[in-house]
Amino acid sequence: MADEGALTTGITASELRPLAPEFYLRRADEVAPELLGRFLIRGARGRRAVGRIVEVEAYLGADDPASHAAGGRRTARTETMYRRGGVAYVYLIYGLHHCLNVVCGPSDEAQAVLVRAIEPVDGLEWMIANRGIGPEPRPGDVGGGPGKLCQALAIDRSLDGVSLLDGELVLGEGRPAPPEELVRGPRIGVDYAGEAAAWPLRFAVADHRHMSRPIMRGRPGRYNRRS
DNA sequence: CGGAAGATCCACT
DNA sequence: GTGGATCTTCCGA
């Protein structure tokens, strides 16, 4: 991890402090809303980039038809999901993009939270270079999507299984979002999962500019339209 | 061993 | 809004 020394970020030491190991040892749908506002801290080759998580989705393991572990499926790819909570599960999707998950729960539960969007907090120039985009990105261009944020933070399968407590990829305390600012809705891109596609397991900071796609504001239980 | 589909993104119409 | 990129993973034969 890069040393402190940046003069411009305003990030405090407590915001960078790793979340406790016990934080992860719960169901994914309990952990997911508490991940909103947390800092994802990527350190590599003396550089640092930090993103604030603003959108996530919970995947509940064997009983969740949308999960890679649906029905208790256990394969070489998904083995990381079955580990004890507190590690990263990174996989390649569509042969092109990587997705980052936070593994939750005790061993063999295969619970995970997909990180769907971050707001850049530090290291913006590095993220822009990683994304290969122009110097003045619009909101969402850097981290507004699961594949985008992995590219921005240089996350690929070499980080599959790494601890989130210390090292190249850390989940820090950050600036948690107040519960009244959270919204929830159905998960994206899981139409193959039948009824489970409608489960309200997507969580986001309401009306946040860096979200991958909008969620209508409303009471829990009201969803946005859109298939 | 073959084929189909995928927790996505981007360019184009 | 639609379709193409691109390749690993997984399941069935």
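Source: prediction; values computed, not measured. Quick note on labels: first sequence line is chain A, next is B, and so on, each numbered from 1.
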Are A:S67 and A:M81 side-chain neighbours, meaning at least one heavy-atom pair lies under 4.5 Å?
yes

For residues 49-77 of chain A, which residues have at least one heavy atom under 4.0 Å from DNA chain B?
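Residues of residues 49-77 of chain A under 4.0 Å from DNA chain B: A:Y59, A:A66, A:H68.
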
Quick one: list whatever passes side-chain contact (heavy atoms from CB on, under 4.5 Å) with A:T12, sequence neighbours left out.
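Listed in chain order: A:S14, A:E15.
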
Tell me, please, which residues at least two apart from A:A117 pass side-chain contact (heavy atoms from CB on, under 4.5 Å).
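By the side-chain contact (heavy atoms from CB on, under 4.5 Å) rule, A:A117 matches A:V54, A:E55.
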
Under a 4.0 Å N-O cut-off, is there an ion pair linking A:R17 with A:E173?
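Judged by the 4.0 Å cut-off on N to carboxylate O distance, A:R17 and A:E173 do not form a salt bridge.
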
Can A:D29 and A:R184 be counted as an ion pair, charged N to O under 4.0 angstrom?
no

Holding to salt bridge (charged side-chain N to carboxylate O under 4.0 Å, His left out), I want the full list of residues that pass it with A:R77, two or more places apart in sequence or in another chain.
none

Residues in salt bridge (charged side-chain N to carboxylate O under 4.0 Å, His left out) with A:D141, at least two apart?
none

Give the residues of [range] touching DNA chain C, defined as any heavy atom closer than 4.0 Å, sorted by residue number.
range	value
residues 131-151 of chain A	none
residues 23-36 of chain A	none
residues 83-101 of chain A	A:L92, A:Y94, A:G95, A:L96

Which stems, defined as runs of 3 or more consecutive Watson-Crick or G-U wobble pairs with both pairing distances under 3.5 Å, involve DNA chain B?
B:1-6 with C:7-12, B:8-12 with C:1-5

Between side-chain atoms of residues 102-114 of chain A and protein atoms elsewhere (two or more places apart, or another chain), which donor-acceptor pairs fall under 3.5 Å?
unit_1, atom_1, unit_2, atom_2, d
A:D108, OD1, A:R74, NH1, 3.0
A:D108, OD1, A:R74, NH2, 3.4
A:Q111, OE1, A:A28, N, 2.6
A:Q111, NE2, A:L60, O, 3.4

Name of the residue among A:R175, A:H210, A:H208 meeting side chain to side chain donor-acceptor pair (under 3.5 Å) with A:E119
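The residue from A:R175, A:H210, A:H208 that satisfies side chain to side chain donor-acceptor pair (under 3.5 Å) with A:E119 turns out to be A:H208.
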
Other members of the hydrophobic cluster containing A:W126, with the 4.5 Å side-chain heavy-atom rule, please.
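Direct or chained contacts put A:W126 with none.
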
Run the side-chain donor-acceptor check on residues 83-97 of chain A: report pairs under 3.5 Å with partners two or more places apart or on a different chain.
unit_1, atom_1, unit_2, atom_2, d
A:R83, NH1, A:G161, O, 3.0
A:Y89, OH, A:H68, ND1, 2.8

Rounded P spacing from C:dG3 to B:dA5 in Å
16 Å

Identified side-chain contact (heavy atoms from CB on, under 4.5 Å) partner of A:V142 from the options A:N130, A:I133, A:I118:
A:I133

